[in-house]
Amino acid sequence: ALQEAAMLTSLAESIFCCLTGKAANLVLPLESSEPSDGYEFVEVKPGRVLRVRHIVPERPPEITEEEGVGNVQCKRKITVYRNGQLVIENMGDVLHSEILQCQNGDLEPCSTVEVELVPPPSGDQKPAPPPRRRHRKPKRTVLINSKRVISSCKGTHSDVALFFVHGVGGSLDIWGSQLDFFSRLGYEVIAPDLAGHGASTAPQIAAAFTFYALAEDLRAIFKRYARKRNILIGHSYGVSFCTFLAHEYPDLVHKVVMINGGGPTALEPSLCSIFQLPSCVLHCLSPCLAWSFLKAGFARQGTKEKQLLRQGNAFNVSPFVLRAMMSGQYWPEGDEVYHAELTVPILLIHGMCDKFVPMDEDQRMAEILLFAFLKVIEEGSHMVMMECPDTVNTLLHEFFLWEPD
């Protein structure tokens, strides 16, 4: 009887949506069954309020440790040629060599990475031989020469804060296992709901959900809660916002974690996506979309995964917000050069069974980044932090505590 009532309600809402051109309950925040402790509502702009889970645990007395270990000289030359070729030269940075040797075996401390940005030829057409570098004039050259202090970040350190950023259709609740785990270890944790997600407000204009609008929201959250050393953890679309903040605040962002974030390419909305359909049509298709997300987002589709989806409040957003989010993913600055300029250590986590993000995209990201670890979880998929919380928490904690020799 309850299922039939739910179906009738959904049908009524669909008819209302098609008649009015609007989706029902666009701006009403979702009610949370969680206790109010640790939840705050932050007005980042007039009429634009984000729910934030902020936990500052009681810490034991902090032990003063020696500073100065982990000083790293970041030296890199990035050259872009007119034919679309990208050449990255790492000039003797010890840390980069150390990380690459840990992953791939024997590599020289000074390495040159050449990445073709032009699309591969189609059919039987043979690729043209690369022109000699000495005869080419670069279109753009970027020189990086800076020093970073990379240290271990423990929960007892009062100057450390962890920021968790979810992706499209998610909410801060997808980080439940991570927030509980690290707050128990003494870390200060901050996790916002993006606009229109979870219990954050949802303005009824598409411009409120562009990449730049959401990035400014997160900039405001970051500036409000940032400590001296901040670690950003992003999932899927949330990785792009972490990259943006790391680029904007290199002195404040200490480390970054990218979970199933994809390749280092500029964002551009797909014109042939199902999310380009009218909101009322998406509303009618919402049960199918939710089922598709469960099938593609989890390695298994059992009772446990369905329960995780409900508990994580994932994919529980209005069709209007979903359509505006997908259409607003325009970020031309976030290309490979933009990512190659990052000097912060980065941990990449990829779920092997992810049907949204191919493995080669995260491998490409690891190649472009200056300091990168790539860890693959074989039994995980797109929502790997919910499927394999213990494994993800262990990887995160090891990375937080890691410092160069």
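All heavy atoms count here, side chains included; hydrogens, waters and symmetry mates do not.
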In this structure, NE2 of His247 is separated from SG of Cys242 (nearest 0.5 Å) by 14.5 Å
Does the Ser152 side chain pair with the main chain of Glu403, one donor and one acceptor, at a distance under 3.5 Å? no
Measure the spacing between CZ of Arg148 and OG1 of Thr343 and express it to the nearest 0.5 Å. 4.0 Å
Smallest separation among heavy atoms of Pro345 and Ile150, with atom names: CG-CD1, 3.4 Å
Answer with yes or no whether the side chains of Tyr212 and Glu333 bring together a donor and an acceptor at under 3.5 Å. yes
Keeping the roles fixed (side chain from Ser327, backbone from Ala324), state whether a donor-acceptor pair exists under 3.5 Å. no
List the steps and the verdict of side-chain contact (heavy atoms from CB on, under 4.5 Å) for Phe371 and Lys255. CA-CA 10 Å; Phe371 304 145; Lys255 296 174 181 177; over 6 Å; no
Does a side-chain N-to-carboxylate-O contact under 4.0 Å join Lys375 and Asp362? no
Value for CD1 (Ile55) from OH (Tyr39), rounded to nearest 0.5 Å, stands at 7.5 Å
I'd like to know if the side chain of Lys77 reaches the main chain of Thr141, judged simply by a donor and an acceptor atom lying under 3.5 Å from each other, with no hydrogens or angles considered. no
Relative to the ring of Tyr187, is the ring of Phe182 parallel (under 30°), tilted (30 to 60°) or perpendicular (over 60°)? perpendicular
Do side-chain atoms of Gln178 reach the backbone of Met385 as a donor and acceptor pair under 3.5 angstrom? yes
d(Arg76 CZ, Glu89 CD) to nearest 0.5 Å is 10.5 Å
With side chains defined as the heavy atoms from C-beta onward, is the minimum distance between Val168 and Leu194 less than 4.5 Å? no
Heavy-atom nearest pair, Leu395 first then Leu347, reads O-CD2, 3.8 Å
Any chance you could lay out the side-chain contact (heavy atoms from CB on, under 4.5 Å) test for Thr243 and Val256, step after step, and finish with the verdict? CA-CA 8 Å; Thr243 302; Val256 175; 5.7 Å; no
Is the backbone N or O of Ala208 less than 3.5 Å from a side-chain atom of Arg48, with the two atoms forming a donor-acceptor pair by type? yes
Please report the interatomic distance CZ(Phe222) to CD(Glu248), rounded to the nearest 0.5 Å. 10.5 Å
Anything under 30° is parallel, anything over 60° is perpendicular, the rest tilted; go ahead and classify Phe399 against Trp402. parallel
Do the side chain of Asn230 and the main chain of Leu252 share a donor and acceptor less than 3.5 angstrom apart? yes
Which of Glu188, His157, His254 passes side-chain hydrogen bond (donor to acceptor under 3.5 Å, both in side chains) with Arg227? It is Glu188
Indicate yes or no: does Glu361 engage Arg364 in a salt bridge with an N to O separation below 4.0 Å. no
Under 3.5 Å side-chain donor-acceptor pair for His382 and Glu387: no
Asp193 with Arg51: basic N within carboxylate O range, under 4.0 Å: yes
Parallel, tilted or perpendicular: rings of Phe211 and Phe241 (30°, 60°): parallel
So which atom in Ile144 and which in Glu341 form the shortest heavy-atom distance, rounded to 0.1 Å? CD1-CA, 3.5 Å
When rounded to the nearest 0.5 angstrom, what is the spacing between CD1 in Ile233 and CZ in Phe400? 4.0 Å
Please name the residue in the list Val376, Leu369, Asn260 that meets the side-chain contact (heavy atoms from CB on, under 4.5 Å) test with Leu348. Leu369
